[in-house]
J.: 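To start, I am sharing the structure in question, which I have written as C-alpha coordinates.
Just so it is clear, the values below take in all heavy atoms, side chains as well, and ignore hydrogens, waters and symmetry mates.
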Amino acid sequence: MNDMVVKSVDLMGDTVMAAKDKDGNIWAGTSYFCKALGMNKGQKDRQVTNVRKDKTFSKGCCKFAAGTFDPSSETLALRLDFIPMWLAKISITDRMEQEHPKLADKLLEYQLKAKDILAEAFLPKQEVPNTIPGQIQLLAQGYTDIKADVDGIKADLEALKNDMPVFTADAKNIQDALKKKAVGALGGYGSNAYRDNSTRGYVFADIQKELRRQFGVKRYDEIKHKDTHVALEIISQYKLPLALKNRVSTINAQQNLNL
(Lines give C-alpha, C1' and ligand atoms only; values in the text may rest on other atoms or scores of the structure.)
Protein backbone atom coordinates (compact mmCIF):
# COMPACT_ATOMS: atom_id res chain seq x y z
CA MET A 1 0.00 0.00 0.00
CA ASN A 2 1.70 3.16 -1.26
CA ASP A 3 -0.11 5.44 1.19
CA MET A 4 1.39 3.64 4.23
CA VAL A 5 4.59 4.71 5.98
CA VAL A 6 6.11 1.49 7.34
CA LYS A 7 8.91 1.45 9.90
CA SER A 8 10.90 -1.04 11.92
CA VAL A 9 10.64 0.36 15.45
CA ASP A 10 13.12 -0.39 18.23
CA LEU A 11 10.99 -1.31 21.25
CA MET A 12 13.40 -1.51 24.20
CA GLY A 13 15.82 -3.70 22.27
CA ASP A 14 13.19 -5.63 20.30
CA THR A 15 12.02 -4.96 16.77
CA VAL A 16 8.34 -4.33 16.00
CA MET A 17 6.97 -3.46 12.58
CA ALA A 18 4.56 -0.52 12.57
CA ALA A 19 2.90 1.67 9.95
CA LYS A 20 1.13 5.01 9.68
CA ASP A 21 -1.79 5.33 7.27
CA LYS A 22 -2.92 8.40 5.31
CA ASP A 23 -5.36 9.36 8.09
CA GLY A 24 -2.59 9.46 10.68
CA ASN A 25 -3.51 6.17 12.38
CA ILE A 26 -0.57 4.11 13.61
CA TRP A 27 -0.78 0.31 13.36
CA ALA A 28 1.50 -2.38 14.80
CA GLY A 29 1.64 -6.05 13.83
CA THR A 30 0.49 -8.31 16.66
CA SER A 31 2.73 -11.20 15.61
CA TYR A 32 5.80 -8.96 15.91
CA PHE A 33 4.85 -8.10 19.49
CA CYS A 34 4.38 -11.80 20.28
CA LYS A 35 7.77 -12.65 18.82
CA ALA A 36 9.43 -9.82 20.76
CA LEU A 37 7.83 -11.10 23.97
CA GLY A 38 9.36 -14.53 23.36
CA MET A 39 6.16 -16.41 22.57
CA ASN A 40 6.31 -19.62 20.59
CA LYS A 41 4.24 -20.18 17.45
CA GLY A 42 1.31 -21.73 19.32
CA GLN A 43 1.13 -18.84 21.80
CA LYS A 44 1.41 -16.30 18.98
CA ASP A 45 -1.35 -17.97 16.96
CA ARG A 46 -3.64 -17.97 20.03
CA GLN A 47 -3.09 -14.25 20.55
CA VAL A 48 -3.85 -13.48 16.90
CA THR A 49 -7.03 -15.59 17.17
CA ASN A 50 -8.03 -13.81 20.39
CA VAL A 51 -7.66 -10.42 18.72
CA ARG A 52 -9.77 -11.51 15.76
CA LYS A 53 -12.59 -12.86 17.94
CA ASP A 54 -12.67 -10.11 20.60
CA LYS A 55 -15.59 -7.71 20.07
CA THR A 56 -13.64 -4.76 21.44
CA PHE A 57 -10.51 -5.37 19.39
CA SER A 58 -12.56 -5.91 16.24
CA LYS A 59 -13.07 -2.13 16.26
CA GLY A 60 -9.36 -1.46 16.20
CA CYS A 61 -7.72 -4.25 14.23
CA CYS A 62 -7.08 -4.60 10.52
CA LYS A 63 -5.61 -7.26 8.26
CA PHE A 64 -2.98 -5.84 5.92
CA ALA A 65 -2.10 -7.53 2.67
CA ALA A 66 1.27 -9.14 2.02
CA GLY A 67 3.84 -6.52 1.19
CA THR A 68 2.74 -4.00 3.81
CA PHE A 69 4.39 -5.36 6.96
CA ASP A 70 5.66 -8.73 5.74
CA PRO A 71 6.81 -9.17 2.11
CA SER A 72 5.13 -12.55 1.72
CA SER A 73 2.36 -12.81 4.35
CA GLU A 74 -0.74 -11.00 5.51
CA THR A 75 -0.40 -9.24 8.87
CA LEU A 76 -3.02 -8.62 11.53
CA ALA A 77 -2.32 -5.26 13.14
CA LEU A 78 -3.85 -3.28 16.00
CA ARG A 79 -4.39 0.45 16.04
CA LEU A 80 -2.12 2.28 18.46
CA ASP A 81 -4.83 3.17 21.01
CA PHE A 82 -5.87 -0.51 21.34
CA ILE A 83 -2.36 -1.87 21.99
CA PRO A 84 -2.14 -1.15 25.77
CA MET A 85 -5.53 -2.79 26.32
CA TRP A 86 -4.52 -5.87 24.32
CA LEU A 87 -1.20 -6.24 26.14
CA ALA A 88 -2.95 -5.91 29.50
CA LYS A 89 -5.30 -8.78 28.61
CA ILE A 90 -2.53 -11.27 27.82
CA SER A 91 -2.66 -13.94 30.53
CA ILE A 92 0.59 -14.99 32.17
CA THR A 93 0.18 -18.72 32.83
CA ASP A 94 2.36 -20.81 35.15
CA ARG A 95 3.76 -22.66 32.18
CA MET A 96 4.60 -19.41 30.41
CA GLU A 97 6.39 -18.09 33.51
CA GLN A 98 8.41 -21.30 33.76
CA GLU A 99 9.39 -21.35 30.09
CA HIS A 100 9.81 -17.57 29.75
CA PRO A 101 10.70 -16.18 33.22
CA LYS A 102 11.42 -12.69 31.88
CA LEU A 103 8.13 -12.43 30.03
CA ALA A 104 6.11 -10.89 32.89
CA ASP A 105 8.62 -8.07 33.44
CA LYS A 106 8.92 -7.36 29.73
CA LEU A 107 5.15 -7.42 29.28
CA LEU A 108 4.73 -4.80 32.02
CA GLU A 109 7.31 -2.56 30.32
CA TYR A 110 5.46 -2.94 27.02
CA GLN A 111 2.14 -2.07 28.65
CA LEU A 112 3.60 1.14 30.05
CA LYS A 113 5.84 2.31 27.21
CA ALA A 114 5.00 0.62 23.88
CA LYS A 115 2.29 3.07 22.85
CA ASP A 116 4.48 6.14 23.41
CA ILE A 117 7.51 4.61 21.69
CA LEU A 118 5.49 3.68 18.60
CA ALA A 119 3.84 7.11 18.45
CA GLU A 120 7.20 8.89 18.80
CA ALA A 121 8.63 6.90 15.91
CA PHE A 122 6.18 8.58 13.54
CA LEU A 123 6.21 12.08 15.03
CA PRO A 124 8.11 14.79 13.14
CA LYS A 125 11.24 15.96 14.92
CA GLN A 126 10.73 19.37 16.46
CA GLU A 127 13.46 21.94 16.80
CA VAL A 128 13.73 23.67 20.16
CA PRO A 129 13.00 27.42 19.75
CA ASN A 130 15.86 29.71 20.71
CA THR A 131 13.55 32.43 22.07
CA ILE A 132 11.88 32.44 25.50
CA PRO A 133 8.34 33.00 24.09
CA GLY A 134 8.87 30.13 21.67
CA GLN A 135 10.09 27.82 24.44
CA ILE A 136 7.12 28.77 26.62
CA GLN A 137 4.77 27.98 23.75
CA LEU A 138 6.50 24.62 23.21
CA LEU A 139 6.17 23.76 26.92
CA ALA A 140 2.49 24.70 26.88
CA GLN A 141 1.92 22.49 23.84
CA GLY A 142 3.78 19.67 25.54
CA TYR A 143 1.58 19.99 28.63
CA THR A 144 -1.54 19.83 26.45
CA ASP A 145 -0.26 16.73 24.64
CA ILE A 146 0.68 15.02 27.92
CA LYS A 147 -2.74 15.78 29.42
CA ALA A 148 -4.45 14.34 26.34
CA ASP A 149 -2.30 11.19 26.60
CA VAL A 150 -3.05 10.83 30.32
CA ASP A 151 -6.77 11.25 29.70
CA GLY A 152 -6.58 8.64 26.94
CA ILE A 153 -4.72 6.19 29.19
CA LYS A 154 -7.26 6.73 31.97
CA ALA A 155 -10.09 5.97 29.54
CA ASP A 156 -8.29 2.83 28.31
CA LEU A 157 -7.65 1.61 31.86
CA GLU A 158 -11.25 2.26 32.90
CA ALA A 159 -12.56 0.32 29.91
CA LEU A 160 -10.10 -2.48 30.65
CA LYS A 161 -11.09 -2.54 34.34
CA ASN A 162 -14.76 -2.89 33.44
CA ASP A 163 -14.07 -5.71 30.98
CA MET A 164 -11.53 -7.79 32.91
CA PRO A 165 -12.58 -11.19 34.28
CA VAL A 166 -12.11 -12.02 37.95
CA PHE A 167 -8.50 -12.16 39.14
CA THR A 168 -7.13 -15.34 40.72
CA ALA A 169 -7.58 -13.79 44.16
CA ASP A 170 -11.18 -12.85 43.31
CA ALA A 171 -11.94 -16.40 42.18
CA LYS A 172 -10.48 -17.81 45.40
CA ASN A 173 -12.59 -15.42 47.49
CA ILE A 174 -15.70 -16.50 45.59
CA GLN A 175 -14.82 -20.18 46.02
CA ASP A 176 -14.18 -19.73 49.75
CA ALA A 177 -17.46 -17.83 50.25
CA LEU A 178 -19.36 -20.44 48.25
CA LYS A 179 -17.88 -23.30 50.28
CA LYS A 180 -18.60 -21.55 53.58
CA LYS A 181 -22.22 -20.90 52.58
CA ALA A 182 -22.72 -24.50 51.39
CA VAL A 183 -21.23 -26.04 54.56
CA GLY A 184 -23.40 -23.77 56.71
CA ALA A 185 -26.53 -24.62 54.75
CA LEU A 186 -25.79 -28.34 55.19
CA GLY A 187 -25.47 -27.96 58.95
CA GLY A 188 -21.69 -28.02 59.25
CA TYR A 189 -18.93 -30.48 58.44
CA GLY A 190 -20.12 -33.04 60.97
CA SER A 191 -23.74 -33.17 59.78
CA ASN A 192 -25.38 -36.12 58.05
CA ALA A 193 -26.32 -33.83 55.14
CA TYR A 194 -22.69 -32.82 54.61
CA ARG A 195 -21.52 -36.45 54.74
CA ASP A 196 -24.20 -37.45 52.23
CA ASN A 197 -22.40 -37.03 48.88
CA SER A 198 -25.59 -36.60 46.88
CA THR A 199 -27.09 -33.93 49.13
CA ARG A 200 -23.79 -32.10 49.48
CA GLY A 201 -23.40 -32.09 45.69
CA TYR A 202 -26.91 -30.71 45.19
CA VAL A 203 -26.29 -27.84 47.62
CA PHE A 204 -22.94 -26.82 46.11
CA ALA A 205 -24.36 -27.09 42.58
CA ASP A 206 -27.43 -25.02 43.45
CA ILE A 207 -25.36 -22.14 44.83
CA GLN A 208 -23.13 -22.19 41.74
CA LYS A 209 -26.20 -22.34 39.51
CA GLU A 210 -27.71 -19.31 41.24
CA LEU A 211 -24.49 -17.37 40.85
CA ARG A 212 -24.24 -18.20 37.14
CA ARG A 213 -27.91 -17.34 36.62
CA GLN A 214 -27.55 -13.94 38.25
CA PHE A 215 -24.68 -12.97 35.95
CA GLY A 216 -25.77 -14.88 32.84
CA VAL A 217 -22.47 -16.78 32.53
CA LYS A 218 -21.61 -20.44 31.97
CA ARG A 219 -18.85 -20.47 34.62
CA TYR A 220 -18.57 -18.24 37.63
CA ASP A 221 -14.94 -17.42 36.70
CA GLU A 222 -16.42 -15.50 33.74
CA ILE A 223 -17.78 -12.91 36.17
CA LYS A 224 -16.14 -9.50 35.73
CA HIS A 225 -13.56 -8.32 38.27
CA LYS A 226 -15.63 -5.20 38.99
CA ASP A 227 -18.59 -7.40 40.00
CA THR A 228 -16.71 -9.54 42.53
CA HIS A 229 -18.31 -7.75 45.49
CA VAL A 230 -21.76 -8.32 43.96
CA ALA A 231 -21.00 -12.04 43.59
CA LEU A 232 -19.95 -12.27 47.24
CA GLU A 233 -23.14 -10.48 48.30
CA ILE A 234 -25.30 -12.87 46.25
CA ILE A 235 -23.59 -15.84 47.93
CA SER A 236 -24.05 -14.36 51.40
CA GLN A 237 -27.78 -13.85 50.82
CA TYR A 238 -28.37 -17.25 49.20
CA LYS A 239 -31.05 -19.47 50.76
CA LEU A 240 -31.77 -23.10 49.98
CA PRO A 241 -34.86 -23.72 47.86
CA LEU A 242 -37.66 -25.31 49.90
CA ALA A 243 -37.28 -28.84 48.50
CA LEU A 244 -33.55 -28.88 49.13
CA LYS A 245 -33.97 -27.30 52.57
CA ASN A 246 -36.47 -30.03 53.54
CA ARG A 247 -34.09 -32.72 52.29
CA VAL A 248 -31.23 -31.33 54.40
CA SER A 249 -33.50 -31.02 57.45
CA THR A 250 -34.79 -34.59 57.08
CA ILE A 251 -31.31 -36.09 56.80
CA ASN A 252 -30.01 -34.06 59.74
CA ALA A 253 -33.10 -34.99 61.81
CA GLN A 254 -32.14 -38.65 61.34
CA GLN A 255 -28.79 -37.80 62.82
CA ASN A 256 -30.51 -36.39 65.95
CA LEU A 257 -32.71 -39.48 66.28
CA ASN A 258 -29.68 -41.73 66.13
CA LEU A 259 -28.28 -39.87 69.10
J.: Quick check: are there more than 12 heavy atoms from other residues, nucleotides or ligands sitting under 6.0 Å from NZ of K245?
T.: no
J.: A side-chain contact here means heavy atoms from C-beta on lying under 4.5 Å apart; do Y110 and M12 qualify?
T.: yes
J.: Once rounded to the nearest 0.5 Å, what's the spacing between atom CG of L80 and atom CG of L118?
T.: 6.0 Å
J.: Find out if a path of hydrophobic residues (ILVMFWY) with successive side-chain heavy-atom gaps under 4.5 Å connects L186 to L242.
T.: no
J.: So, is the end of the K89 side chain (NZ or CZ) under 6.0 Å from the ring centre of F57 and within 45° of the ring's axis?
T.: yes
J.: I need the minimum non-hydrogen distance between K179 and Y189, along with the two atoms involved.
T.: CE-OH, 3.6 Å
J.: Identify the two heavy atoms, one from L232 and one from N173, that lie closest to each other, and give their separation to 0.1 Å.
T.: CD2-O, 3.7 Å
J.: Which heavy atom of G188 sits nearest a heavy atom of Y194, and at what distance?
T.: O-CB, 3.2 Å
J.: Do D14 and K35 sit within salt-bridge range, that is, some charged N less than 4.0 Å from a carboxylate O?
T.: no
J.: Ignoring hydrogens and angles, state whether a donor on the side chain of S198 or R247 is under 3.5 Å from an acceptor on the partner side chain.
T.: yes
J.: Evaluate the side-chain proximity of I207 to K181: yes if any heavy-atom separation is below 4.5 Å, no if none is.
T.: yes
J.: Around atom OH of Y202, are there more than 12 heavy atoms from other residues, nucleotides or ligands closer than 6.0 Å?
T.: no
J.: Examine distances only and state if a side-chain atom of R195 and a backbone atom of G190 form a donor-acceptor pair shorter than 3.5 Å.
T.: yes
J.: With heavy-atom distances below 4.5 Å as the criterion, would you say the side chains of F215 and V230 are in contact?
T.: yes
J.: Just by distance, no angles: are the side chains of Q43 and Q47 close enough, under 3.5 Å, to form a donor-acceptor pair?
T.: no
J.: Does the side chain of V248 come within less than 4.5 Å of L240's, by heavy atoms?
T.: yes
J.: With the side chain counted from C-beta on, respond yes when I223 and L211 share a heavy-atom pair under 4.5 Å apart, and no when they do not.
T.: yes
J.: Between R200 and D196, does at least one N-O distance fall below 4.0 Å, as a salt bridge requires?
T.: no
J.: Could you tell me the separation between the CG atom of L76 and the CD atom of E74, rounded to the nearest 0.5 Å?
T.: 9.5 Å
J.: Going by the angle between their ring planes, with limits at 30° and 60°, are F69 and Y32 parallel, tilted or perpendicular?
T.: tilted
J.: Atom CD1 of I83 and atom CG of L78: how far apart are they, to the nearest 0.5 Å?
T.: 6.0 Å
J.: Are a donor atom and an acceptor atom from the side chains of S72 and D70 found within less than 3.5 Å of each other?
T.: yes
J.: Measuring from L87:CG to K113:NZ, what's the distance to the nearest 0.5 Å?
T.: 14.0 Å
J.: Between the side chain of T30 and the main-chain N/O of V48, is any donor-acceptor distance below 3.5 Å?
T.: no
J.: Any sub-3.5 Å donor-acceptor pair from N25's side-chain atoms to D21's backbone N or O?
T.: no
J.: Is the closest side-chain heavy-atom distance between W27 and C62 below 4.5 Å?
T.: yes
J.: Rounded to the nearest 0.5 Å, what separates atom NZ in K59 from atom OG1 in T56?
T.: 6.5 Å
J.: Minimum heavy-atom separation for T75 to G29, with atom names?
T.: CG2-CA, 3.9 Å
J.: Are the charged groups of D176 and K180 less than 4.0 angstrom apart, N to O?
T.: no
J.: Locate the shortest heavy-atom distance separating N252 from A193; write the atom from each residue and the value.
T.: OD1-N, 3.0 Å
J.: Donor-acceptor pair, distance only, cut-off 3.5 Å: does the side chain of S249 make one with the backbone of N246?
T.: no
J.: Is there a side-chain contact (heavy atoms from CB on, under 4.5 Å) between L244 and D206? Walk through the geometry before answering.
T.: CA-CA 9 Å; L244 197 51; D206 195 70; 4.1 Å; yes
J.: Let me see the working for L11 and F33 under side-chain contact (heavy atoms from CB on, under 4.5 Å), right down to the final yes or no.
T.: CA-CA 9 Å; L11 189 61; F33 267 100; 3.5 Å; yes
J.: For the atom pair CG (D170) and NZ (K224), what is the distance rounded to the nearest 0.5 Å?
T.: 13.0 Å
J.: Ignoring hydrogens, what is the shortest heavy-atom contact between M4 and F64? Give both atom names and the distance.
T.: CE-CE2, 3.5 Å
